[in-house]
Amino acid sequence: MLRFPSTLSQMEKPIVSCSNIFTYSHSPPKLPLSSYIDINNPFHCLESCQSPRELKQLHALTLKTRPLQTQLISSKILSFLIPFSSPESVTYARELVNHLKPPYLQLHFYNSLIQALTNSSQAIALYGEMITKCIYPDTYTIPYVLKSCAQSHALEEGQQIHAHSIKFGLSSNVYVLNTLMRLYAVCGFTHSVKKLFDGSPERDLVSWTTLIQAFVKMGFAKEAIQAYFDMCRANLRPDKRTLVVILSACSRLGDLSLGTRIHENICDIHDIYSDVFVGNALVDMYMKCGDADSARKLFDKMPVKNVVSWNSMISGLVQQGQFKEALHVFHDMQRIGLRPDSVTLVAVLNACSNLGKLELGKWVHAYIDKNQIKADGFVGNALVDMYAKCGSAEQAFGVFQGMECKDVFSYTAMIVGFAMNGEAERALDIFAEMPMVGTKPDEVTFVGVLSACSHAGMVEEGWKHFEDMSRVYNLEPQTEHYGCMVDLLGRAGLISEAEVFIANMPIEPDAFVWGALLGACSIHGKVELGEAIMKKLVAIEPVRDGAYILMSNIYSSANRWKDALKLRKAMKERKMKKTPGCSLIEINGVVHEFRKGDKSHPRNEELRKVLGEMAIHLQNHGQFPTSNFIT
DNA sequence: CAAGCTGAGA
């Protein structure tokens, strides 16, 4: 006998008075209950039930009037409930299934319920109960439950179900194949996906799409493209979903010509502008391949745009270093009244970091608080980075402390942030916390750590961390790390140590490393060594101006004006232009940009007067600017 | 008896 305590108490009340479930709309209201019920067939009232409560009343009533038919009744009610997918009806149905026994308990009840529960992690448990009751899966059960496994990354359960699919002879079904492939794809087992695909007698477009997707997800973009061509060769035409996946492979490869080719193909086959997913994938592809103009053109032509379309534009521009343009697009987005989501805000914060737009960054922070967006993960990390790069290490630290789940990126942002703002000690304190919370530093973290040591002149400490990289953390130092070490040694005046260090490098020193040593020569006035490094640097990257400038500064400080002039001339002959020195400051929301030699600022005269006074003030206190202070 | 698998942006 079923027990539904709340329902029973409901049932004791006069049911007629509380609803119209047993009546038809034209029925007179106040007749006794018995006159509405067809005693021979109480189930024909089912369709008039309008709420779970009414259904429970009918259920209770039928159980009372027909105590010998509880199983039949429950299964009838269940059949009626199945098409409704509201949470209440699912809960009720799940309870009914618990009490049913074969032959009333049918496979399709489980199938429907498992499907309805795919998002709730109960699907797997229900599948287990089904097996316990000796009801065995068919080609519908397996895909539903596997979908749930894939969603919750339940690899072990998924593998057991994989075994079931073989045991019950279902593994040649293409839906079973596709969902199995999906399971292994989300768990990162690309090899298993490929093996399943290759071993299957039947594949459809979904199988190909899933295979390509698996390759893309794990960064095998070339294999993804290869599979795409294989698919075309097998005479299958891509659909919208395949195209989205293959376009993202082009994005990752940065292969503009392939991406453009696929774009042209799409125009032949589909009306692409009707699908916002394809449009977004195209915008993203053009952006990641460096063609911002084509991306913009496509974006403008899209008849339907959503927040992802805007985000693709904004983050694409940020990635290309077009920060001001990115903020322009963001303001357009606000003008049309589209609400930014966390992805938008991350991109905007990134632009703020690079432009020093502290005010806008603060606005984003306020927006995040006001809209109860969690300042965790990407958003939290972007906030920390923004405050740090805008010079507010304290506020960066505030956000950092408030974050519930800090990952490597959070720690790295904070360490680099403190290092950049001259707080080497605090940077190293944060670094020391990492082992305590079990977060493993990565290569970038060490760039922060080493540069902190470098700026604070902590030679010993720097050496220790550099050695720990490979010894403790199993990280191979890259040229950036060698560059930091050269910088650390060089700044501290240990130039010959730095030279030995470079000579012993296991990898080829690049411009970054030689540049650091040249910088040290510039600080310590080492002309001959500088000249030797200069030659190497020009050989590695002849178009960059940095080496020329540094070297010419070395000549100038050694009063070798002729040599300095010669270098400047050589630059002119090679048509190299010096990248002008540039600084930004934001006051009351307006960014003021100053380039070397630029006199265009409206308050230029005043600024120069103040700078002159500051120079005199500094000199009176024994500080002498090393180069032209006023330019 | 009813039903399924695959898509975008940090």
Side-chain angles (χ1 to χ4, degrees), chain A residues 75-76 78-83 85 106-116 118 137-151 170 173-183 185-186 193 196-197 202-214 216-217 231 236 238-251 275-285 287-288 295 299 302 304-319 326 329 333 340-351 377-383 385 409:
Chain A
S75 90
K76 287 266 186 191
L78 191 49
S79 303
F80 173 76
L81 266 177
I82 287 295
S85 50
Q106 295 158 34
L107 177 59
H108 86 263
F109 293 156
Y110 277 107
N111 286 353
S112 306
L113 264 180
I114 290 173
Q115 183 190 23
T118 37
D138 65 2
T139 57
Y140 288 91
T141 328
I142 301 282
Y144 295 148
V145 69
L146 278 177
K147 186 179 181 183
S148 179
C149 291
Q151 267 173 17
L170 308 168
N173 176 279
V174 69
Y175 287 91
V176 173
L177 168 75
N178 293 344
T179 42
L180 272 172
M181 284 173 63
R182 174 88 189 145
L183 167 77
V186 302
V193 178
L196 275 166
F197 182 87
E202 193 197 341
R203 303 152 193 158
D204 63 4
L205 193 56
V206 178
S207 323
W208 283 97
T209 307
T210 309
L211 176 73
I212 297 171
Q213 164 84 300
V216 175
K217 182 191 146 76
M231 184 192 88
L236 277 169
D239 71 353
K240 290 169 184 171
R241 297 178 122 123
T242 324
L243 288 168
V244 168
V245 173
I246 201 65
L247 283 169
S248 85
C250 297
S251 301
D275 191 287
V276 71
F277 277 79
V278 176
N280 292 346
L282 278 168
V283 169
D284 178 61
M285 184 275 293
M287 273 298 182
K288 296 256 171 72
F299 178 78
M302 285 170 68
V304 184
K305 297 187 193 90
N306 60 16
V307 66
V308 178
S309 325
W310 289 88
N311 290 347
S312 300
M313 280 300 293
I314 297 169
S315 7
L317 288 167
V318 168
Q319 277 164 14
V329 177
M333 177 180 172
D341 68 2
S342 60
V343 179
T344 326
L345 299 175
V346 169
V348 170
L349 284 171
N350 219 319
F378 279 104
V379 177
N381 295 346
L383 269 175
D385 182 68
F409 300 103

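Just so we're on the same page: letters track the sequence lines, and every chain starts at 1.
Here B/dA3 presents its C1' atom at 15 Å from CG of A/L170, a figure rounded to the nearest Å. Between A/F299 atom CZ and B/dA8 atom P the separation is 19 Å, expressed in whole Å. Atom CG of A/N280 is separated from atom P of B/dA10 by 11 Å (rounded to the nearest Å). Regarding A/L180, its CG atom lies at a distance of 14 Å from the P atom of B/dC5, rounded to whole Å. Taking atom CD of A/Q213 as the reference point, atom P of B/dT6 lies 10 Å away to the nearest angstrom. Between the P atom of B/dG7 and the CG atom of A/L247 lies a distance of 15 Å, rounded to the nearest Å. Between the CZ atom of A/R241 and the C1' atom of B/dT6 there is a distance of 6 Å, rounded to whole Å. Going from atom OH of A/Y144 over to atom P of B/dT6 covers 12 Å, rounded to whole Å.
Counting heavy atoms from C-beta on, the side chains of A/Q151 and A/V186 never come closer than 4.5 Å. Side-chain contact between A/L247 and A/D284 is absent, with no heavy-atom pair separated by less than 4.5 Å. At least one side-chain heavy atom of A/M231 sits under 4.5 Å from a side-chain heavy atom of A/T242. Residues A/D204 and A/N178 form a side-chain contact, since some pair of their non-hydrogen atoms from C-beta on lies under 4.5 Å apart.
Of the candidates B/dG7, B/dA2, B/dA10, the closest approach to any side-chain atom of A/K240 belongs to B/dG7. Nearest to the side-chain atoms of A/Y140 among the listed nucleotides B/dA3, B/dC5, B/dA2 stands B/dA3. The side chain of A/N111 has B/dA3 as its nearest neighbour among B/dA10, B/dA3, B/dG7. Closest contact between the side chain of A/H108 and the listed nucleotides B/dG7, B/dT6, B/dA2 involves B/dA2. The side chain of A/V206 has B/dT6 as its nearest neighbour among B/dA10, B/dC1, B/dT6. Closest contact between the side chain of A/V244 and the listed nucleotides B/dC1, B/dG7, B/dT6 involves B/dG7. Considering only the side chain of A/S315, B/dA10 comes nearest among B/dT6, B/dA10, B/dG7. Which of B/dA10, B/dT6, B/dC5 sits closest to the side chain of A/Q319 comes down to B/dA10. Looking at the side chain of A/D138, the nearest of the listed nucleotides B/dT6, B/dA3, B/dA8 is B/dA3. Residue A/V278 places its side chain closer to B/dG7 than to any other of B/dA3, B/dC1, B/dG7.
At the heavy-atom level, A/D385 lies nowhere under 4.0 Å from the strands shown. Nucleic acid contact class of A/D341 (heavy atoms, under 4.0 Å, all strands): base. Across all strands shown, A/K288 has heavy atoms under 4.0 Å from sugar-phosphate atoms exclusively, and none from any base.
At least one side-chain nitrogen or oxygen of A/R182 sits closer than 4.0 Å to the OP1 or OP2 atom of B/dG7.
Residue side chain A/N306 reaches the base of B/dA8 through a donor-acceptor N/O pair under 3.5 Å, judged by distance alone. A donor-acceptor contact under 3.5 Å links the side chain of A/D275 to the base of B/dG7.
Checking side-chain atoms of A/N280 against main-chain N and O of A/V276 turns up a donor-acceptor pair under 3.5 Å.
In this structure, A/K240 forms no cation-pi arrangement with A/F277, as its terminal cationic atom is not both closer than 6.0 Å to the ring centre and no more than 45° off the ring axis.
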